[in-house]
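Heads up, the thing below is written out as structure tokens.
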Amino acid sequence: MRAPVVAMLWEWWRITYRQVLFFGVLALAGGWSVLARTGSDPRGAFVVFMLIVSLAPAGAMAAWSRNPFAGYPLPLAFVRPVSTRLLVGVPMAYMAFICAAIYAVPAIVLRIGLGAPLPVAPVAALLAVAMALFCASNWFTRGKAKRLLATVALLIAAGPAWRWLNPWHGAAGGPFPPPLATDSVQLGVERYAVLVLAAVGAWAAAVTGVAAQRRGDDMADNGRLTPATPGRAAQKGMVEQFRVVMDVVARVPCPTSSPLAAEIWIEVRARALPVIAMGVVLALLAPGVLAVEGSTGDRILLVTFAALSLSIPFLSGISTSFWNRASSMRAPMSPFEATRPMGTARLVAVQVGVAAAGIIGAWAVIAIAAVLSLPLYHDGAAASLWHALAARPAAQVAGAAVLGVAAFTTVIALLATVRAVGAIYGLRLWLGAVAVVAYTIALAFAVATQHLSEAAIGVHLWALAVAIPVGTGYAVVRVLAARVLRAGQLLAIAAAWLALAGLAAFVMGGIGAALEPLAPAVAVLTLSAALLPLSAAVAAPWAYSRMRHI
Amino acid sequence: MTNVVEVQGLSRRFGGTLALDGVDFCATQGLVHGLVGVNGAGKTTLIKHLLGLLRPTSGTVRVLGLDPVRDPVNVLRRVGYLSEHREMPEWMRVAELLRYTQAYYPSWDMGYARELLDTFGLDPTKRVGGLSQGMRAQTGLVLAVAHRPDVLILDEPSSGLDAVVRQDILDAIVRTVADDGRTVIFSSHLLDEVERMSDRVTMIHRGKIALDGMRDEVCGAHHVTQLRFAERLDRLPQIDGVLAASGGARSWSVVHAGPVERLRDAAARAGGDVSESRNATLEEIFVARVGRGTRAEAA
């Protein structure tokens with residue numbers, strides 16, 4: 001490996017090969033399975049074409065998704081005796097190549113093996129140039145805002161560029177999906193020339209920007225080049241940006257009265273407030289969205305807004321509270337956190353409670369803004385909502401709200417448990433989870449296609465119904481044995497669970513829900529599932545204790 | 001004097017790697033204990049067991065009479081800890097970090113914390129993320145000592161720091177010990193620092209205790225001795241107690257354990273004599289016992 005170019009290519013292959021192989025195999029296996037069903041139908045080939053085309057850039061982007069550096073992804077290579085032109089050119093060409101290859105290799109195999117009429121060269125060229133442009137837009141600066149703007153500009157320019165390139169020469173109009181042929185995508189010589197020019201331009205722009213990073217003229221948003229602490233990214237994530245904003249807007253001194261108050265303070269400051277701030281930003285968009293929807297009525301904007309409003313606070317809250325916590329020893333609990341003189345049960349209770357409160361708070365802010373903006377959408381919308389709520393007894397509505405919060409907190413606690421168990425058992429847990437998911441999908445498929453008898457379905461339901469109380473009992477024994485929870489704390493948890501169960505019975509009775517009409521297995525599973533808040537309340541402290549004292 | 005830390009038969013396995021192998025270790029109240037060893041020897045693993053961050057595969061750990069895994073709160077409340085990587089929330093300001101930490105320790109002395117901040121010249125309004133390596137270490141040190149812990153545990157406190165900050169840390173160790181006989185356990189690569197500061201030295205090598213004793217006794221029991229032989233020798237003959245040897249031909253320098261007289265007798269039998277001898281430094285003992293090409297295992 002004497003040549004620097006070969007060494008650089010080897011380095012990039014070592015960093016990315018898992019994702020490249022995974023997405024390549026996925027594209028091939030997915031394409032093969034679809035074509036095996038659709039045979040020579042050219043519409044089936046179009047579905048495969050779309051599948052592989054979408055997997056190619058996804059695979060290439062996934063290959064560097066864990067990169068912690070802003071701007072050029074391997075800044076430690078700046079000290080190597082290699083020109084910036086090469087430092088940018090080799091990885092950019094590599095990324096373009098793997099993006100094209102994740103498409104081209106499965107396409108060629110499927111074309112030869114199953115006779116699928118998949119176009120190869122023009123599509124691979126388009127994908128390669130698109131990836132080169134994407135690399136340039138992300139590498140040319142360490143500034144997050146500039147990178148975001150460049151990516152948005154690229155996406156906007158993609159429309160006119162697509163129209164000018166006009167590569168689709170297949171069937172237009174007619175039913176979807178259209179039939180596909182090997183010549184459905186075509187590019188003339190001059191189009192190829194323009195693509196080459198675009199790639200060269202992307203390379204030149206990236207070289208200019210990376211040269212500035214190399215000589216220290218372009219620092220990351222937080223002024224750091226490398227991660228400050230192990231497991232911590234140098235670039236600021238969305239939550240951290242909002243954390244900075246909230247530090248200016250709402251800086252409350254840390255209470256020193258008790259460890260619990262201090263722990264709540266740090267969780268709220270670091271994790272809940274940024275998520276609520278995201279909710280506020282989304283809430284500010286609500287009147288505009290509802291006003292536009294009220295005039296156009298096509299619902300696309302509304303559905304997108306609703307999806308973003310639900311997903312952004314949830315995903316941000318979960319990731320910042322559990323998945324992206326500063327880590328050490330492969331566990332999402334740093335020594336700073338693990339050496340605080342506070343019991344593990346309290347620590348996890350605060351983390352779960354504040355995470356749930358942050359997400360619910362963000363949703364509440366968005367919901368309030370949406371409700372207040374309802375008149376902009378439809379004159380009678382607000383009134384109908386109030387009528388629907390007023391039709392229910394207030395106690396029922398309040399009870400349902402409490403149950404909803406408890407159910408959501410249970411979900412958060414179970415996710416925290418999964419995260420902690422994942423940190424302890426690593427790959428074994430994820431392989432087990434993949435096996436369970438695959439089994440569940442196979443089961444659902446068998447049920448949908450009526451390949452599973454009712455008796456077999458019943459066995460699965462009974463097994464699940466038994467597993468929940470057995471698992472809960474095991475967790476109870478373990479937390480008591482490890483002294484993570486004391487008997488008094490466990491009794492308090494059990495009392496709270498009983499109160500929730502009573503409330504659930506009251507609310508269910510109010511809406512006329514009953515277990516009698518259900519099949520025995522379903523009824524028992526429903527009762528068993530009611531144990532989940534109790535299961536989460538003991539499993540999360542146990543899992544966190546295992547992680548804290550790993 | 002009572003033992004504030006008692007470790008017996010501690011073993012810890014990470015997958016197929018045995019990081020600690022039957023370690024016995026005691027820390028006596030009022031003493032400074034230095035842990036030395038090469039990278040990966042097991043120093044940090046031992047320290048993490050003292051803090052309850054790791055669960056022993058076998059053996060027992062008692063800190064202040066308590067099991068740090070089963071009773072972390074009561075142990076950690078009386079322990080101060082400065083980690084090698086000095087992890088702290090980047091977004092917090094120094095003053096906020098002090099208030100936050102204060103909440104956990106009933107014995108927190110804010111006056112002492114402010115005094116240390118002034119001594120170090122730390123700006124309490126500065127964010128942790130904007131602190132230099134040295135400032136982070138100083139901040140971490142304030143957090144570790146301001147509640148006047150019974151046991152102060154420092155994991156590689158001098159790593160990557162300049163001489164000024166290193167001196168701050170050493171001063172803090174001295175003050176902690178002077179303060180009602182509290183106990184300090186610290187690991188370090190800087191053997192001159194360990195020799196200067198420690199009352200007791202524990203050397204860890206490949207997960208086992210290679211040497212443990214009071215510093216003066218350890219240094220007094222090891223010597224660097226010059227041997228002269230009548231004939232030229234390609235190899236030094238096998239001599240009991242010799243841990244490492246260098247030199248060649250007629251003149252050899254050896255690091256050995258035990259009295260010089262014993263070495264003189266052994267050398268005489270091989271046709272040599274002692275020309276001069278002095279007590280070994282900790283660094284010489286360390287290199288002799290755990291360095292490459294030593295005779296420590298044979299000794």
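On a predicted model such as this, the values are computed, not experimentally measured, just so you know. All chains are named by letter (A, B, ...) in the order of the sequence lines, taking the proteins before the strands, and each is independently numbered beginning at 1.
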* Please state whether the side chain, the backbone, both or neither of B:Y105 comes within less than 4.5 Å of a heavy atom of chain A. => side chain

* Structural part of B:R93 lying under 4.5 Å from a heavy atom of chain A -> side chain

* What part of B:Y81 is in contact with chain A, defined as an atom under 4.5 angstrom from a non-hydrogen atom: side chain, backbone, both or neither? -> side chain

* Structure fact -> Honestly, the part of B:P106 sitting under 4.5 Å from a heavy atom of chain A is neither

* Asked: Heavy-atom distance under 4.5 Å to chain A: side chain of B:L98, backbone, both or neither?
  -> neither

* Begin with the C-alpha distance, continue with both residues' side-chain angles, and end with the deciding distance and a verdict on side-chain contact (heavy atoms from CB on, under 4.5 Å) for B:V4 and B:D150. => CA-CA 9 Å; B:V4 291; B:D150 292 329; over 6 Å; no

* Asked: Looking only at side chains, do B:D155 and B:S187 share a donor and an acceptor under 3.5 Å apart?
  -> yes

* Could you look at A:T339 and say if it's the side chain, the backbone, both or neither that has a heavy atom under 4.5 Å from chain B? => both

* Going by atom types alone, do A:R548 and A:T344 pair a side-chain donor with an acceptor below 3.5 Å? -> yes

* Asked: Are B:R136 and B:E90 ion-paired here, with the side-chain N under 4.0 Å from a carboxylate O?
  -> yes

* salt_bridge(A:R346, A:E263) N-O dist < 4.0 Å -> no

* Structure fact -> Counting heavy-atom pairs under 4.5 Å with chain B, the top scorer among A:H549, A:R483, A:R340 is A:H549

Show me the side-chain donor-acceptor pairs of residues 57-66 of chain B shorter than 3.5 Å, one per line, residues at least two apart or across chains.
| from | atom 1 | to | atom 2 | distance (Å) |
| --- | --- | --- | --- | --- |
| B:T57 | OG1 | B:R13 | N | 2.9 |

* Structure fact -> If you tally heavy-atom pairs under 4.5 Å between each of A:A270, A:S257, A:P253 and chain B, the highest tally belongs to A:A270

